[in-house]
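Structure first, then comments.
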Amino acid sequence: ADTYTCLIYPLCKAREADKAKNILQEMKFRGFRGSTRLHNAVICVLCKSKKVNDAVGIYREMLREEEENIPDIVTYSHLIQGMCKLKMVDEASRLREEMKQRGKMMDVVSYNVLIHALCVTNRVDVARGLLEEMVMNSLTPTVVTYTALLDGLSKGGKVDEALKFLRRMIERDCLPSVVTYNSLVNGFCKLNRMDEASSLLAEMSNRGCMPDIFTYTPLIWGFCKKGKLNDGLRLMEELSHKNLVADVVTYSVIIDGLCKESRLDEASSFMEEMREKDCLPNVVTFNSLIEGYLKAGKIHAAVEQFDKMAKLGCTPDAFTYSTLLNGFCKMGKLNEACHMLNEMSAKGLVPGIVAFTCVMDGLSKEGRIQEAEDLLDEMLRMKCEPTVYTYNTLMNGLCIANRIEDAQKLLAEKKFSPN
RNA sequence: AUGCAUGAUAGC
């Protein structure tokens with residue numbers, strides 16, 4: 001049994017979910033029981049690999065074995081979190097009921113997991129109910145509890161409420177952490193309320209929460225979106241003066257900001273800086289660069305970046321393709337765009353709904369409405385679910401072609417919710 | 001060392 005234990009833990013740590021699961025099963029087949037902890041470790045890694053169903057399978061086995069390995073609060077936390085990450089919210093609440101029936105009391109961490117899950121699925125109000133419930137059960141919320149809620153508010157744009165929440169935490173002697181402040185800073189940045197975001201940056205340092213790259217990255221993002229690139233660049237310097245190390249996300253943010261303003265030389269010097277610092281660019285970094293070059297009409301440079309991605313073992317994603325196709329279309333290179341779309345289908349690559357919509361828009365603006373309509377059928381065939389953008393694009397095209405009635409017909413079919 | 005909170009890119 002010890003042998004198995006020694007095998008399984010490292011596998012879990014290495015995220016080898018399937019192997020861990022198989023070895024656990026082999027162990028039990030040979031008559032060793034293992035422990036709840038060991039089962040939990042496997043359930044944990046299965047959940048993190050999005051194999052929640054397998055994780056549930058192990059949980060059910062644990063129940064069947066009766067007395068041997070009794071699922072504990074940690075088992076439930078893992079499962080609930082895994083389910084919530086896959087938006088299986090109903091299953092998660094069912095499990096919570098099951099947990100209650102088995103006499104397992106929710107503890108602080110399991111409440112935190114649930115509260116977080118509710119927040120990320122836009123149900124902050126329900127989450128707040130849970131906060132009250134936990135207090136009634138004489139559990140003391142921690143900084144993690146409050147931060148999860150505050151982040152939910154912040155992401156929903158309710159930053160003023162989130163700020164009140166922060167003040168209340170402090171009153172209740174629960175000290176905010178750097179994560180708490182970061183959530184708030186991010187919220188203000190998303191709304192482009194950069195003055196308030198900046199004062200929070202000052203406040204957090206004063207309170208002993210040292211800003212990190214999770215603080216700076218949203219600030220840089222916000223300044224870029226506001227067209228205050230120079231403030232963004234200033235913060236890039238400031239963070240290194242504070243001995244913080246920008247990572248690929250931070251670099252991608254500033255590179256994207258620069259690309260969107262067509263400051264391509266500066267963007268590529270950040271690429272150079274990344275190379276010097278052994279920070280590898282990822283697909284997001286490349287997507288931003290590709291977009292930048294295309295918007296500046298530099299197709300060749302864009303394609304060069306696309307090739308460079310492959311060399312770095314970086315797989316193009318739906319963003320890459322839509323960026324490329326959109327760029328082609330906007331430059332009037334419609335035939336190239338269509339060609340690329342066909343090639344992708346031939347290779348079994350799925351361009352994604354946005355890429356289709358870009359080409360559809362290009363076609364309809366060139367008066368090639370029939371081809372645009374055909375594209376809708378192809379999308380459906382490829383199981384790319386059209387969005388309201390897709391239909392807006394098509395309706396726009398139909399109107400351009402003076403087929404107003406057909407556009408109205410499309411609207412009347414109610415295949416989408418108009419905006 | 002069995003579980004919890006924060007950051008980036010594309011289309012009308």
Side-chain angles (χ1 to χ4, degrees), chain A residues 9 12-13 35-45 47 72-82 107-117 119-120 142-152 154-155 177-187 189-190 212-222 224 247-257 259-260 282-292 294 317-327 329-330 352-362 364-365 387-397 419:
Chain A
Y9 280 123
C12 292
K13 208 177 162 180
S35 61
T36 297
R37 272 173 76 133
L38 188 62
H39 284 71
N40 287 348
V42 177
I43 286 177
C44 172
V45 67
C47 287
D72 62 7
I73 190 82
V74 178
T75 320
Y76 288 104
S77 294
H78 283 304
L79 289 170
I80 290 175
Q81 197 182 17
D107 68 357
V108 176
V109 176
S110 31
Y111 269 110
N112 291 349
V113 169
L114 264 175
I115 286 174
H116 177 233
C119 287
V120 302
T142 64
V143 58
V144 175
T145 322
Y146 289 121
T147 303
L149 271 162
L150 185 148
D151 187 56
S154 190
K155 286 223 170 73
S177 70
V178 54
V179 177
T180 319
Y181 275 106
N182 288 350
S183 294
L184 250 183
V185 168
N186 185 35
C189 291
K190 282 277 139 69
D212 59 16
I213 55 176
F214 282 73
T215 326
Y216 278 97
T217 305
L219 282 162
I220 295 168
W221 183 93
C224 288
D247 71 357
V248 58
V249 177
T250 317
Y251 279 115
S252 298
V253 168
I254 191 71
I255 287 174
D256 185 63
C259 285
K260 287 205 162 57
N282 65 15
V283 59
V284 177
T285 328
F286 282 114
N287 289 344
S288 293
L289 281 165
I290 291 172
E291 183 189 337
L294 286 173
D317 62 7
F319 282 70
T320 320
Y321 295 124
S322 63
T323 302
L324 278 167
L325 290 172
N326 187 41
C329 291
K330 295 278 150 71
I353 183 62
V354 180
F356 276 121
T357 307
C358 292
V359 179
M360 179 185 259
D361 185 54
S364 47
K365 286 190 175 145
T387 65
V388 57
Y389 287 92
T390 319
Y391 286 109
N392 288 346
T393 303
L394 190 56
M395 285 173 52
N396 191 28
N419 61 8

_B:C12 OP1/OP2 closer than 4.0 Å to side-chain N/O of A:Lys365_ = no
*asked:* Testing the 3.5 Å rule here: is there a donor-acceptor pair between the side chains of A:Asp212 and A:Thr215?
replied: yes
_Let me confirm one number: the CZ-OG1 distance from A:Phe286 to A:Thr320, rounded to the nearest 0.5 Å._
10.0 Å
*Between the base of B:A10 and the side chain of A:Ser322, is there any donor-acceptor pair under 3.5 Å?*
yes
*asked:* Using a distance-only criterion (donor-acceptor N/O pair, under 3.5 Å, no hydrogens), is the base of B:A8 paired with the side chain of A:Ser288?
replied: no
_How long is the straight-line distance from CD1 of A:Ile353 back to OG1 of A:Thr390, given to the nearest 0.5 Å?_
3.5 Å
*When all nucleic acid strands are considered with a 4.0 Å heavy-atom cut-off, which category describes A:Thr75: base, sugar-phosphate, or nothing?*
nothing
*Nearest-nucleotide pick for A:Thr323, side chain only, options being B:A8, B:A10, B:C4*: B:A10
*Rounded to the nearest 0.5 Å, how far does CD1 of A:Ile115 lie from CG of A:Asp151?*
13.0 Å
*asked:* Looking only at the side chain of A:Phe319 (C-beta and beyond, no hydrogens), which of the listed nucleotides B:G3, B:U6, B:U9 gets closest?
replied: B:U9
*Is any N or O donor-acceptor pair between the side chain of A:Asp107 and the base of B:G3 shorter than 3.5 Å?*
yes
*Taking the side chain of A:Trp221 as heavy atoms from C-beta outward, which of B:U9, B:C4, B:G11 is closest to it?*
B:U9
*Can you tell me how far P of B:C4 sits from CG of A:Asp72, to the nearest Å?*
14 Å
_Quick check: any donor-acceptor pair below 3.5 Å linking the side-chain of A:Asn282 to the base of B:A8?_
yes
*When we call it a touch if two heavy atoms are under 4.0 Å apart, what does A:Ala318 touch: a base, just sugar-phosphate, or nothing?*
base
*Selected nucleotide, minimal atom distance to A:Asp361 side chain, candidates B:C12, B:U2, B:U9*: B:C12
*Report yes or no: does A:Thr217 contribute a side-chain atom to a donor-acceptor pair with the main-chain N or O of A:Phe214 at less than 3.5 Å?*
no
*asked:* Side chain of A:Thr393 only, heavy atoms from C-beta on: which candidate in B:G3, B:A10, B:C12 is closest?
replied: B:C12
*asked:* Using whole Å, what does the distance between atom C1' of nucleotide B:G3 and atom CD of A:Gln81 come to?
replied: 7 Å
*With a centroid cutoff of 5.5 Å and a plane-angle limit of 30°, would you call A:Tyr389 stacked on B:C12?*
no
*asked:* So for A:Thr215 and B:G7, does any side-chain atom that can act as donor or acceptor lie under 3.5 Å from a complementary atom in the base?
replied: no
_Here's a test for you: under side-chain contact (heavy atoms from CB on, under 4.5 Å), which of A:Thr387, A:Asp361, A:Val388 qualifies with A:Thr393?_
A:Asp361
*asked:* Distance check needed: B:U6 P versus A:Tyr146 OH, whole Å only.
replied: 18 Å
*Base of B:G7 paired with side chain of A:Asp247 (donor-acceptor, under 3.5 Å)*: yes
*Measure from CD1 on A:Ile220 to C1' on B:U6 and round the result to the nearest Å.*
15 Å
*Report the distance from atom NZ of A:Lys260 to atom C1' of B:A10, rounded to the nearest whole Å.*
8 Å
*A:Leu150 CG to B:U6 P: how many Å, rounded?*
12 Å
*May I ask you to say what A:Cys44 touches in the nucleic acid, namely base, sugar-phosphate or nothing, with a heavy-atom cut-off under 4.0 Å?*
nothing
*N/O (side chain, A:His116) to phosphate O (OP1/OP2, B:U6) under 4.0 Å*: yes
*With the side chain counted from C-beta on, respond yes when A:Asn396 and A:Ser364 share a heavy-atom pair under 4.5 Å apart, and no when they do not.*
no
*asked:* Tell me whether the side-chain N or O atoms of A:Thr250 pair up with the base of B:G7 as donor and acceptor below 3.5 Å, since no angle test is needed here.
replied: yes
_Of the listed nucleotides B:U6, B:G11, B:A8, the one nearest the side chain of A:Ile353_ = B:G11
*Grab the two heavy atoms, one from A:Cys12 and one from A:Val45, that are nearest each other, plus how far apart they are.*
O-CG2, 3.6 Å
*For A:Val109, report the nucleic acid contact type (base, sugar-phosphate, nothing); a contact means any heavy atom under 4.0 Å.*
base
*Given B:G7, B:G3, B:G11, the nucleotide with the shortest approach to the side chain of A:Pro218*: B:G7
*asked:* Side chain of A:Arg37 only, heavy atoms from C-beta on: which candidate in B:U2, B:G3, B:U6 is closest?
replied: B:U2
_Between B:G3 (P) and A:Asn40 (CG): distance, integer Å_ = 9 Å
*Can you figure out which of B:A10, B:G7, B:U2 approaches the side chain of A:Val249 most closely?*
B:G7
*When we call it a touch if two heavy atoms are under 4.0 Å apart, what does A:Ser154 touch: a base, just sugar-phosphate, or nothing?*
nothing
*Is any side-chain nitrogen or oxygen of A:Lys155 closer than 4.0 Å to OP1 or OP2 of B:G7?*
yes
*Determine: side-chain N/O of A:Lys330 to OP1/OP2 of B:A10, distance under 4.0 Å, yes or no.*
no
*Determine the contact category for A:Thr36: base if any of its heavy atoms lies under 4.0 Å from a base atom, sugar-phosphate if only primed atoms, P, OP1 or OP2 are that close, otherwise nothing.*
nothing
*In whole angstrom, give the distance that lies between atom CD1 of A:Ile73 and atom C1' of B:U2.*
13 Å
